[in-house]
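For the numbers below, each heavy atom of this structure counts, side chains included, while hydrogens, waters and symmetry mates do not.
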2 protein chains.
Amino acid sequence: MKQEVEIMLKSKEINPTVNRMLVLDYLLELKSSISLTDLELSLESFDRVTLYRTLKTFEERGLVHKIEDGMGITKFAICQDSCEAGMHHDLHVHFYCHSCKQTFCLPKTQIPEVKLPENYQRQEMELIVKGICSVCVK
Amino acid sequence: MKQEVEIMLKSKEINPTVNRMLVLDYLLELKSSISLTDLELSLESFDRVTLYRTLKTFEERGLVHKIEDGMGITKFAICQDSCEAGMHHDLHVHFYCHSCKQTFCLPKTQIPEVKLPENYQRQEMELIVKGICSVCVK
DNA sequence: TAAACATTGCAATACAGTTGCATGCCGTTT
DNA sequence: AAACGGCATGCAACTGTATTGCAATGTTTA
Ligand SMILES: [Mn+2]
Ligand SMILES: [Mn+2]
Ligand SMILES: [Zn+2]
Ligand SMILES: [Zn+2]
């Protein structure tokens, strides 16, 4: 079990400390993304700043990606694709549920190409769809 | 000049105070959207809270729309379309410029339809494209 | 072992957003 | 005219999240 996360961290050139392994393990179990505050509530023994820096390191090394959930909250989720340090490739849609307030990665739903006005140079895109998720809809 | 903004406010059922007319006038001149903090810097004589409540009122009455700029900052821009109180219809793309940090409405660029996984119910969408704007690209 | 470096925790700060309350303004009622 | 009411405004205070500084601790290297 812990073997897996350790390998994962090393492959991203992240020093696999106990803390980092526990955080990564937690993120891997997670069905949706999570905010720093909620992570702090879930892993009570950790200091908030440690979690903050852990997530920051993970993001910089291409292990998790940051999600602006469209309601002003930043969330984090494990990268699905072949993201690298300093270069993320997650161009999938994110879904914010008004009912459970969770934000889901929809890795199979790509952001469609958009034709911009002249002289606008695209670098990244973020598409947030808001509504009711498949759990809450029932 | 002031005539126009007064009519505009009344048509949205907003009491046209001097403050509100000045704010609306400023927003109409603006080429892009603006954050509360930047608005405060531009209209120094106004209290921050007054501006906050003014923008909130404008948004509730369908005069401006809120934009999450994808970098954690909330911005505001005049509604282009036929927005109503409690019901906005701005489904256009927004563009964030990494160079000038401004966020532009692209009213002619609609958000394309997206097919969601089963049981996800869409209510709103937000598409942010990030890159270099047409002014900074030159 | 000693120096060098990395990780962590605690305190403090930065900053956007928001609320509470007192005051002032303006039109209406008595 | 005086009293009343509702709305608009300003100031202070508070919230919540993000971020930095620094000291303490742990780990690696020479
Ligand atoms: Mn994602
Ligand atoms: Mn817009
Ligand atoms: Zn839900
Ligand atoms: Zn620009």
Undergrad: If you define the side chain from C-beta out and look only at heavy atoms, does anything of His98(B) sit under 4.5 Å from Glu124(A)?
TA: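 Answer yes - side chains close enough.
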Undergrad: Just by distance, no angles: are the side chains of Thr103(A) and Lys75(A) close enough, under 3.5 Å, to form a donor-acceptor pair?
TA: yes
Undergrad: Under 4.0 Å: is that the gap between some side-chain N or O of Thr17(A) and OP1 or OP2 of dG26(D)?
TA: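 The answer is no; no side-chain N or O of Thr17(A) sits under 4.0 Å from OP1 or OP2.
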Undergrad: Hey, what's the ring geometry for Phe104(A) with Tyr120(B), parallel, tilted or perpendicular (30° and 60° as the breaks)?
TA: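 Judged by the thresholds at 30° and 60°, the geometry between Phe104(A) and Tyr120(B) is perpendicular.
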Undergrad: Is there a side-chain polar atom (N or O) of Arg48(A) under 4.0 Å from OP1 or OP2 of dT8(C)?
TA: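 No, Arg48(A) has no side-chain N/O under 4.0 Å of OP1/OP2 on dT8(C).
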Undergrad: Let's see if you get this right: which residues in residues 26-41 of chain A place a heavy atom under 4.0 Å from DNA chain D?
TA: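 Here the set is Leu36(A), Thr37(A).
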Undergrad: Which parts of residues 51-58 of chain B get close to DNA chain D, meaning a heavy atom less than 4.0 angstrom away?
TA: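 By residue number: Arg53(B).
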Undergrad: Give a yes or no on whether Met71(B) and Met125(A) share a hydrophobic cluster (residues Ile, Leu, Val, Met, Phe, Trp, Tyr; joining criterion: side-chain heavy atoms under 4.5 Å apart).
TA: no
Undergrad: Running the 4.5 Å side-chain criterion over Ile, Leu, Val, Met, Phe, Trp and Tyr, what cluster does Ile132(B) land in, apart from itself?
TA: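 For the cluster that includes Ile132(B), the remaining residues are Val137(B).
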Undergrad: Should the pair Arg122(B)-Glu113(B) be classified as a salt bridge under the 4.0 Å nitrogen-to-oxygen rule?
TA: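 Salt bridge present between Arg122(B) and Glu113(B).
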Undergrad: Return the 5'-most residue of the pair Val49(B), Asn15(B) with respect to DNA chain D, ranking by each residue's nearest nucleotide.
TA: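 Looking at the nearest nucleotide for each, Asn15(B) comes out on the 5' side.
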Undergrad: Keeping the roles fixed (side chain from Asp47(A), backbone from Val49(A)), state whether a donor-acceptor pair exists under 3.5 Å.
TA: yes
Undergrad: OP1, OP2 of dT7(C) versus side-chain N and O of Asn19(A): anything below 4.0 Å?
TA: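 Checking dT7(C) against Asn19(A), no side-chain N or O comes under 4.0 Å of OP1 or OP2.
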Undergrad: Would the distance check show the side chain of Thr74(A) and the main-chain N or O of Glu68(A) forming a donor-acceptor pair, the cut-off being under 3.5 Å?
TA: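 Not confirmed, Thr74(A) side chain does not pair with Glu68(A) backbone.
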